[in-house]
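Pasting in a structure now, in structure tokens, and then I'll have a few things to ask.
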Amino acid sequence: MTATAEREQGPFLSAALICEKVLDEKDGVKSAIRIIDRITRTAIGPSPPEEMEPFNWEGALLIRLKSGWARGSYRLTIRLVKPSGESPTPMHHTVFFEGEEDRGVDIVANLRIRFDQIGIYWFKVYLEDSLLTQIPLRIVYIPQVKQIPGTTGDLPPTQKS
């Protein structure tokens, strides 16, 4: 059987998203809270930096797979690719498919990322050695010049005679 034919048999991607957090309820149902695909970083002041200063962000990545006719263990790899093309060490998970075709697995990866570049960060998800999907997360930086009262650069108050 060819790789394409095998992929048509499963496992299948049901969902792949980035959010602030994933709740795992008592009944086993998961809720993705505040699904995001863009983070806007703003610097406000009399002379904000022209380039974004690095910052830390915490969130979650939720990947849902359904087995289809696939059975057994598979290696899932998540590789982050920065806008520059750099890629830190990937995350690896082993997923196990059993039972009926509609059964599956949920992978929740809690993320702690230091963003040091603007642009699109890609989360590439591989099952074994095949690219399953890619999830983009754009980092936007907006410096805003705002004079703070009492600092140089303020206009003098108007005087009445």
Side-chain angles (χ1 to χ4, degrees), residues 3 7 10-68 70 72-97 103-154:
R7 185 65 61 215
F12 303 110
L13 179 65
S14 175
L17 53 93
I18 299 167
C19 57
E20 284 192 8
K21 63 182 170 180
V22 175
L23 302 179
D24 194 356
E25 306 295 340
K26 290 180 184 178
D27 61 358
V29 174
K30 291 187 177 51
S31 297
I33 307 302
R34 295 181 48 93
I35 298 169
I36 60 172
D37 57 11
R38 173 179 295 240
I39 297 172
T40 302
R41 186 73 168 179
T42 306
I44 301 172
S47 56
E50 287 185 32
E51 292 191 24
M52 180 184 76
E53 294 180 3
F55 67 97
N56 296 323
W57 180 82
E58 292 185 18
L61 175 64
L62 172 62
I63 300 168
R64 300 194 78 191
L65 300 170
K66 297 299 180 183
S67 62
S73 295
Y74 288 77
R75 185 183 71 240
L76 183 88
T77 301
I78 303 165
R79 178 176 295 282
L80 174 66
V81 180
K82 294 181 175 188
S84 65
E86 298 171 79
S87 184
T89 304
M91 296 179 273
H92 299 283
H93 299 274
T94 299
V95 294
F96 186 76
F97 298 103
R103 302 275 310 194
V105 295
D106 293 336
I107 298 96
V108 177
N110 292 315
L111 305 172
R112 179 174 286 176
I113 302 173
R114 183 160 182 83
F115 291 114
D116 57 359
Q117 300 170 15
I118 59 170
I120 299 177
Y121 285 73
W122 287 97
F123 293 82
K124 295 187 174 199
V125 181
Y126 297 86
L127 193 60
E128 294 300 323
D129 293 324
S130 296
L131 181 65
L132 188 59
T133 192
Q134 300 182 86
I135 309 161
L137 178 62
R138 181 177 291 278
I139 304 301
V140 176
Y141 176 61
I142 302 174
Q144 294 182 352
V145 176
K146 181 177 180 182
Q147 295 299 329
I148 300 170
T151 62
T152 56
D154 285 344

Requested in this report: Using ring-ring contact (aromatic ring centres under 6.0 Å, His included) as the criterion, list what pairs up with Phe55, not counting sequence neighbours.
Outcome: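 By the ring-ring contact (aromatic ring centres under 6.0 Å, His included) rule, Phe55 matches Phe115.
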Requested in this report: Walk me through it: do Tyr74 and Leu65 pass the test side-chain contact (heavy atoms from CB on, under 4.5 Å)?
Outcome: CA-CA 11 Å; Tyr74 288 77; Leu65 300 170; over 6 Å; no
Query raised in the report: Measuring from Lys124:NZ to Leu131:CG, what's the distance to the nearest 0.5 Å?
Result: 6.5 Å
Compile the donor-acceptor pairs under 3.5 Å between side chains in residues 30-46 and protein atoms, sequence neighbours left out, one pair per line.
| from | atom 1 | to | atom 2 | distance (Å) |
| --- | --- | --- | --- | --- |
| Arg34 | NE | Glu20 | OE1 | 3.2 |
| Arg34 | NE | Glu20 | OE2 | 2.8 |
| Arg34 | NH2 | Glu20 | OE2 | 3.3 |

Query - All salt bridge (Lys or Arg N to Asp or Glu O under 4.0 Å) counterparts of Arg75, not counting sequence neighbours - result: Asp129
Report task. Can you sort out the partners of Ile120 under side chain to side chain contact (heavy atoms under 4.5 Å, CB included), two or more places apart, ordered by chain and number? Result ->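 With neighbours one apart ignored, the set is Trp122, Pro136, Arg138.
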Query - Heavy-atom pair with the smallest gap, counting every atom of Pro48 and Gln144 - result: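 Between these two residues, the closest heavy atoms are CG-O, 3.6 Å.
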Query raised in the report: Atom OH of Tyr121 and atom OG of Ser87: how far apart are they, to the nearest 0.5 Å?
Result: 12.0 Å
Query raised in the report: Which pairs, with at least one residue in residues 17-48 and sequence neighbours excluded, count as a ring pair (Phe, Tyr, Trp, His ring centres under 6.0 Å)?
Result: none
Query raised in the report: Can you tell me how far CD1 of Ile63 sits from CG of Leu61, rounded to the nearest 0.5 angstrom?
Result: 4.5 Å
Query raised in the report: With Tyr141, which residues qualify under ring-ring contact (aromatic ring centres under 6.0 Å, His included), at least two apart?
Result: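 None.
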Query raised in the report: Rounded to the nearest 0.5 Å, what separation is found between the CG atom of Leu132 and the CD atom of Gln134?
Result: 10.5 Å
Side-chain donor/acceptor pairs under 3.5 Å, residues 105-114, sequence neighbours excluded:
| from | atom 1 | to | atom 2 | distance (Å) |
| --- | --- | --- | --- | --- |
| Asp106 | OD1 | Arg64 | NE | 2.6 |
| Arg112 | NE | Glu58 | OE2 | 3.1 |
| Arg112 | NH2 | Glu58 | OE2 | 2.8 |
| Arg114 | NH1 | Asn56 | OD1 | 3.1 |

Query raised in the report: Excluding sequence neighbours, so at least two apart, what forms ring-ring contact (aromatic ring centres under 6.0 Å, His included) with Phe123?
Result: none
Report task. With sequence neighbours left out, write down each residue that passes side chain to side chain donor-acceptor pair (under 3.5 Å) with His93, or none if nothing qualifies. Result -> none
Query raised in the report: If you round to the nearest 0.5 Å, how far is CG of Leu127 from OG1 of Thr77?
Result: 8.5 Å
Query raised in the report: Under the 3.5 angstrom rule, does the side chain of Ser73 hit a backbone N or O of Phe96 as a donor-acceptor pair?
Result: no
Requested in this report: Write down the atom of Trp57, the atom of Cys19, and the distance for their closest heavy-atom approach.
Outcome: CH2-O, 4.0 Å
Requested in this report: Not counting sequence neighbours, list each pair that qualifies as a salt bridge (Lys or Arg N to Asp or Glu O under 4.0 Å) and has a residue in residues 78-88.
Outcome: Lys82-Asp116
